[in-house]
Amino acid sequence: MSSLSPKIQMVKAQRVRTTEDSLAVDLSDGRTVSVPLVWYPRLLQGSSKERNNWRLIAGGEGIHRPDLDEDLSVEGIILGRASAESQASLKRWLESRKEGVRQRRVTRPKSNRHPSRAGRHAARQV
């Protein structure tokens with residue numbers, strides 16, 4: 001007697017692309033799955049640079065974005081699962097991002113400024 005349940009083959013991510021409003025993942029079986037970024041608020045809030053800083057994890061079973069502290073599973077994307085992050089958690093993350101930006105602005109050393117820019121600014125002030 002043959003089994004009616006199909007063999008499940010683990011599909012892995014091979015390539016990831018993001019636009020201003022979608023996430024597309026090329027899969028090892030030849031498909032491309034695209035989902036809206038609104039499903040993943042951290043990606044939606046992230047800059048293009050942050051969205052494009054990703055790496056595959058677990059041999060392609062997941063996607064990690066270190067700048068956004070976000071991990072997505074390929075299985076979840078295929079099954080159409082949106083982020084399960086609570087609003088309270090997202091709010092804390094957004095506040096920590098704002099605080100991080102403020103701290104970087106305050107603590108940025110003046111010695112890192114480009115010499116020619118510093119000279120131009122000094123000339124304008126005279």
Side-chain angles (χ1 to χ4, degrees):
M1 179 155 125
S2 66
S3 172
L4 294 177
S5 47
K7 277 188 174 178
I8 297 177
Q9 177 185 6
M10 182 50 118
V11 179
K12 310 225 176 183
Q14 294 185 320
R15 184 170 168 219
V16 178
R17 294 179 310 282
T18 53
T19 66
E20 290 299 314
D21 59 358
S22 68
L23 165 69
V25 181
D26 294 339
L27 303 172
S28 58
D29 66 359
R31 291 181 291 163
T32 298
V33 178
S34 180
V35 295
L37 281 189
V38 296
W39 286 9
Y40 308 106
R42 290 186 185 210
L43 293 181
L44 189 62
Q45 294 293 324
S47 68
S48 178
K49 182 180 177 182
E50 290 170 323
R51 290 181 196 143
N52 288 318
N53 182 19
W54 58 270
R55 68 182 174 90
L56 297 177
I57 54 176
E61 292 181 20
I63 305 159
H64 175 67
R65 286 189 171 80
D67 298 339
L68 300 172
D69 192 23
E70 180 79 293
D71 294 314
L72 302 177
S73 75
V74 172
E75 178 184 32
I77 293 168
I78 292 170
L79 294 175
R81 290 187 197 134
S83 172
E85 183 171 21
S86 71
Q87 288 298 311
S89 173
L90 180 62
K91 184 178 177 182
R92 283 191 303 273
W93 178 77
L94 287 168
E95 288 170 356
S96 73
R97 283 175 56 87
K98 288 178 188 174
E99 185 60 33
V101 168
R102 276 188 232 124
Q103 286 178 354
R104 283 192 299 274
R105 285 182 185 158
V106 170
T107 61
R108 189 169 77 186
K110 292 181 181 181
S111 62
N112 284 350
R113 292 187 180 160
H114 191 277
S116 63
R117 289 183 186 160
R120 280 185 275 166
H121 291 296
R124 285 186 205 154
Q125 293 175 357
V126 174

### Query
Can you tell me if R51 uses its side chain to pair, donor with acceptor, with the backbone of L44 under 3.5 Å?
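Side chain of R51 to backbone of L44: a pair is present.
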
### Message
Let's go through E61 and K12 carefully: what are the C-alpha distance in whole Å and the side-chain angles of both, what is the deciding distance for side chain to side chain contact (heavy atoms under 4.5 Å, CB included) to 0.1 Å, and is it a yes or a no?
### Response
CA-CA 5 Å; E61 292 181 20; K12 310 225 176 183; 3.6 Å; yes

### Query
What is the distance from atom CD of E75 to atom CZ of R81, rounded to the nearest 0.5 Å?
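It comes to 5.0 Å.
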
### Interatomic spacing from CG in D29 to CD in Q14 - rounded to 0.5 Å
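D29 CG to Q14 CD: 8.5 Å, rounded to 0.5 Å.
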
With the side chain counted from C-beta on, respond yes when [X] and [Y] share a heavy-atom pair under 4.5 Å apart, and no when they do not.
X   : Y   : result
L23 : L72 : yes
R97 : L68 : yes
R15 : T32 : no

To check you understand the geometry: which heavy-atom pair defines the closest contact between [X] and [Y], and what is its length?
X   : Y   : result
S22 : L37 : N-CG, 3.6 Å
W39 : P41 : O-CD, 3.5 Å
Q45 : W93 : CB-CZ3, 4.0 Å
V74 : G62 : CG2-N, 4.1 Å

In a table with atom names and distances, give each donor-acceptor pair under 3.5 Å that connects a side chain of residues 52-59 to protein atoms at least two apart or in another chain.
from	atom 1	to	atom 2	distance (Å)
N52	OD1	T18	OG1	3.4
N52	ND2	S48	O	3.0
N52	ND2	S48	OG	3.3
N53	ND2	D67	OD1	3.2
N53	ND2	D67	OD2	2.9

### Query
By side-chain contact (heavy atoms from CB on, under 4.5 Å), which residues pair with S89, not counting sequence neighbours?
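Residues passing side-chain contact (heavy atoms from CB on, under 4.5 Å) with S89: R42, E85, S86, R92.
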
### Task
Just jot down the side-chain contact (heavy atoms from CB on, under 4.5 Å) partners of V33, sequence neighbours excluded, or say none.
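side-chain contact (heavy atoms from CB on, under 4.5 Å) check on V33 returns L27, V35, I77, I78.
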
### Task
Would you check, one step at a time, whether the test side chain to side chain contact (heavy atoms under 4.5 Å, CB included) holds for I63 with E70?
CA-CA 8 Å; I63 305 159; E70 180 79 293; over 6 Å; no

